[in-house]
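First the structure, in the form of structure tokens, and then the observations on it.
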Amino acid sequence: MADIITVDDPDDPRLRDYTGLTDVELRRRREPAEGLFIAEGEKVIRRAKHAGYEMRSMLLSAKWVDVMRDVIDEVPAPVYAVDPGLAERVTGYHVHRGALASMQRKPLPEAGELLASARRVVVMEAVNDHTNIGAIFRSAAALGMDAVLLSPDCADPLYRRSVKVSMGAVFSVPYARLEQWPRSLETVREAGFKLLALTPDEKATAIDEAAPHRLERAALMLGAEGDGLSRQALVAADEWVRIPMAHGVDSLNVGAAAAVAFYAVATGRPGPRETARSA
């Protein structure tokens, strides 16, 4: 059972894991280097714990101590009880959900390890917005994608904003980095995957006509908001696919586009011709 420690000094070194959470550049450097990430809110903390991440500590406002009592009783990590004003001074923002936990990162698997058992994977290039990363992971988990592969310049899925937007789905879908980009895409192809580049380009095949759900193994490639996939990534793909648009809209936010494409790629869904024959 963890001790509950009341802290009234924002400079207490025991709170160091929680300092400056709104300083994106600082946290992007610190957290991977120190092997930690921050889980915010009751549900996310519970999901991180359920996924097997080791807890370093918790920072709770008084009213959340009872809510998190079962977790406190199960985890030996220290629990720091603070008033909301002090939590704001430490973190840099008003902690609306009243519960934060510092969690220990796990070593990332190798891409080949994930590809060996997967059939549907997401490949992201230069997606560096944490909100988009979180949204894509949430859709990937909900729609049955098996793994996520990230180019070296993609944002950190365990950054606080990504974890929060995904509602902890980043803990459900395994991910790895493709360190040699775009050369590592050949590793994906050699594992038996067809590389499908999602692009609004008119030369791309409509995704329902491409029928990716019929493929034995499919890797859906997504690019950054605005720029999309790079020329090098598009050249490396086996096929370009697009989501048909109406009312003069030329593209969707990458998070929304990912959800639509994941549904199209999901296994076992009848294609348009199959549906027509059965009607």
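Bear in mind that the values here come from a model prediction, so they are computed numbers and not experimental data.
Using a distance-only test at 3.5 Å, with no hydrogens or angles considered, a donor-acceptor pair links the side chain of T19 to the main chain of R16. A donor-acceptor distance shorter than 3.5 angstrom exists from the side chain of W240 to the backbone of L234, with no hydrogens or angles considered. For the pair R177 (side chain) and D153 (backbone), a donor-acceptor distance under 3.5 Å is absent. The closest donor-acceptor contact from the side chain of S151 to the backbone of A126 lies under 3.5 Å. Looking only at distances, no side-chain donor or acceptor of R120 sits under 3.5 Å from a matching main-chain atom of G144. At least one donor-acceptor pair under 3.5 Å links the side chain of E125 to the backbone N or O of S230. In this structure, the side chain of S162 engages the main chain of H130 through a donor-acceptor pair within 3.5 Å. At least one donor-acceptor pair closer than 3.5 Å links the side chain of S166 to the backbone N or O of V163.
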Legend entry - Residues E74, K49; criterion salt bridge (charged side-chain N to carboxylate O under 4.0 Å, His left out); working and verdict: CA-CA 10 Å; E74 293 173 4; K49 175 178 171 292; 2.6 Å; yes

Inset, instruction - Could you walk me through whether L36 and L158 pass side chain to side chain contact (heavy atoms under 4.5 Å, CB included), step by step? - result: CA-CA 9 Å; L36 67 93; L158 293 183; over 6 Å; no

Inset, instruction - Go through R56 and S102 one step at a time and tell me if the side-chain hydrogen bond (donor to acceptor under 3.5 Å, both in side chains) criterion holds. - result: CA-CA 5 Å; R56 294 161 60 108; S102 174; 3.2 Å; yes

Inset, instruction - Go through Y80 and D17 one step at a time and tell me if the side chain to side chain contact (heavy atoms under 4.5 Å, CB included) criterion holds. - result: CA-CA 12 Å; Y80 303 117; D17 283 1; over 6 Å; no

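A salt bridge between E25 and R30 is absent, with no side-chain N of the basic residue lying under 4.0 Å from a carboxylate O of the acidic one. Taking the charged nitrogens against the carboxylate oxygens, R189 and D238 do have a contact shorter than 4.0 Å, which makes a salt bridge. Classification of R29 and D156 as a salt-bridged pair fails, no side-chain N sitting under 4.0 Å from a carboxylate O.
Between I38 and E31, some side-chain heavy-atom pair lies under the 4.5 Å cut-off. Under the 4.5 Å side-chain criterion, counting only non-hydrogen atoms from C-beta, V44 is not in contact with R47. Put simply, the side chain of L60 reaches to within 4.5 Å of the side chain of I72, judged on heavy atoms. Counting heavy atoms from C-beta outward, Y18 and V95 have side chains that stay 4.5 Å or more apart.
Stacking of R161 on the aromatic ring of F137 is not recorded, the 6.0 Å distance cut-off and the 45° axial limit not both being met.
Listed here is the closest heavy atom pair of P244 and R242: CD-O, 3.5 Å.
Here the CZ atom belonging to R46 is positioned 14.0 Å from the CZ atom belonging to F171, to the nearest 0.5 angstrom. Rounding to the nearest 0.5 angstrom, the gap separating the SG atom in C154 from the CG atom in L149 is 10.0 Å.
Enclosure of atom CD in E202 is not indicated, since only 12 or fewer non-hydrogen atoms of other residues, nucleotides or ligands lie within 6.0 angstrom.
Between F37 and Y159, the distance separating the two ring centers is not shorter than 6.0 angstrom.
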